[in-house]
Amino acid sequence: MDDRVVLCGGRMVTPDGPKLGEYNVRFGDPECEVVVPGIEGDIAALLASAADGALDPFGVGRARDAAVIVMIASDEPGGGVITGVDEADALDGVTVFQARTARNAVGDLVTAGSGRILGVTGRGHTLGDARARAYAGVAKINLPGGYHRTDIAAKAAQESEST
């Protein structure tokens with residue numbers, strides 16, 4: 001039996017052209033979290049087809065789409081109640097991925113550790129649109145002790161819209 005893996009390449013654009021910065025042989029976050037929302041159809045069937053070596057019949061999104069993910073992290077050890085995730089996830093073009101979360105005794109969503117807690121992915125026809133959607137999702141979420149970067153894809157979105 002031959003092995004099949006998912007190879008995720010981290011690329012960056014340099015003045016000398018695109019370069020491979022890293023690669024992972026897994027679905028690692030946040031790489032996976034910008035790819036998965038663009039997959040059309042049943043992801044379980046897609047993965048089973050890939051394992052069988054018959055990937056051709058499946059679409060994996062449209063080339064014109066763009067995606068941006070903003071990670072919300074926390075240095076708190078856990079237990080803070082998180083609100084707004086459902087509201088963010090309900091926005092058009094937004095998917096919220098949970099990492100270190102759990103439900104407390106009364107059913108509230110809480111942090112269950114520190115580090116990356118949530119990944120808010122925005123998809124759109126342009127990088128600027130995807131970025132705006134991701135940050136609109138972030139704005140709906142309240143995570144005690146949470147923080148996120150505010151510059152994700154800012155320069156690239158600005159450059160792509162000015163060309």
Side-chain angles (χ1 to χ4, degrees), residues 5-14 18-44 46-47 50 55 58-76 78 80-103 109-163:
V5 298
V6 173
L7 180 63
C8 182
R11 300 172 309 264
M12 60 186 142
V13 178
T14 72
K19 304 289 182 192
L20 180 65
E22 68 171 351
Y23 64 91
N24 295 305
V25 185
R26 61 178 169 78
F27 268 133
D29 67 299
E31 296 90 354
C32 176
E33 294 165 353
V34 294
V35 173
V36 169
I39 294 174
E40 297 172 344
D42 181 352
I43 191 167
L46 174 69
L47 295 174
L55 193 56
F58 293 92
V60 289
R62 297 179 300 267
R64 63 190 169 105
D65 285 351
V68 171
I69 186 167
V70 178
M71 301 304 296
I72 303 176
S74 175
D75 292 332
E76 302 293 322
V81 175
I82 306 167
T83 60
V85 171
D86 290 339
E87 292 82 357
D89 211 29
L91 294 173
D92 185 42
V94 175
T95 304
V96 180
F97 292 92
Q98 299 181 34
R100 293 169 180 90
T101 64
R103 295 280 175 186
L109 185 66
V110 296
T111 57
S114 60
R116 293 177 180 167
I117 306 296
L118 302 170
V120 183
T121 300
R123 291 194 65 83
H125 292 294
T126 68
L127 193 55
D129 185 34
R131 181 177 188 276
R133 289 176 185 207
Y135 279 106
V138 169
K140 296 279 186 191
I141 296 170
N142 180 28
L143 190 159
Y147 57 91
H148 63 278
R149 289 180 47 179
T150 59
D151 63 337
I152 302 297
K155 183 177 177 184
Q158 184 180 27
E159 288 173 358
S160 70
E161 308 224 350
S162 67
T163 58

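Side-chain atoms of Y135 come within 3.5 Å of backbone atoms of I152 as a donor-acceptor pair (strictly under, hydrogens ignored).
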- Tell me, with the steps shown, if T121 and F97 meet side-chain contact (heavy atoms from CB on, under 4.5 Å). CA-CA 8 Å; T121 300; F97 292 92; 3.8 Å; yes
- Message: Please evaluate residues H125 and D65 with respect to the criterion side-chain contact (heavy atoms from CB on, under 4.5 Å), reporting the C-alpha separation (whole Å), side-chain torsions for both, the decisive distance (0.1 Å), and the verdict.
- Response: CA-CA 5 Å; H125 292 294; D65 285 351; 3.7 Å; yes
- Message: Quick one, V81 with L109, criterion side-chain contact (heavy atoms from CB on, under 4.5 Å). Give me CA distance, side-chain angles, the key distance, then yes/no.
- Response: CA-CA 6 Å; V81 175; L109 185 66; over 6 Å; no
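Residues passing the salt bridge (charged side-chain N to carboxylate O under 4.0 Å, His left out) test with R149 are D151, sequence neighbours excluded.
Nearest heavy-atom pair, R131 versus T150, reported as atom, atom and distance to 0.1 Å: NH2-O, 2.9 Å. Scanning all heavy atoms of the two residues, the minimum distance from A130 to A66 falls at CB-O, 3.5 Å. Taking each heavy atom of S74 and P144 in turn, the nearest pair found is OG-O, 3.8 Å.
Between the CG atom of L118 and the CZ atom of R100 there is a distance of 11.0 Å, given to the nearest 0.5 Å. For the atom pair CD1 (I69) and NE2 (H148), the distance works out to 13.0 Å, reported to the nearest 0.5 Å. A distance of 5.5 Å separates OG1 in T111 from CD1 in I82, rounded to the nearest 0.5 Å.
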Determine all donor-acceptor pairs shorter than 3.5 Å in which one atom belongs to a side chain in residues 83-95; sequence neighbours excluded.
residue	atom	partner	partner atom	Å
D89	OD1	V96	N	2.8
D92	OD2	R133	NH1	3.4

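When the options L143, I141, I72 are evaluated for a side-chain contact (heavy atoms from CB on, under 4.5 Å) with I117, the one that passes is L143.
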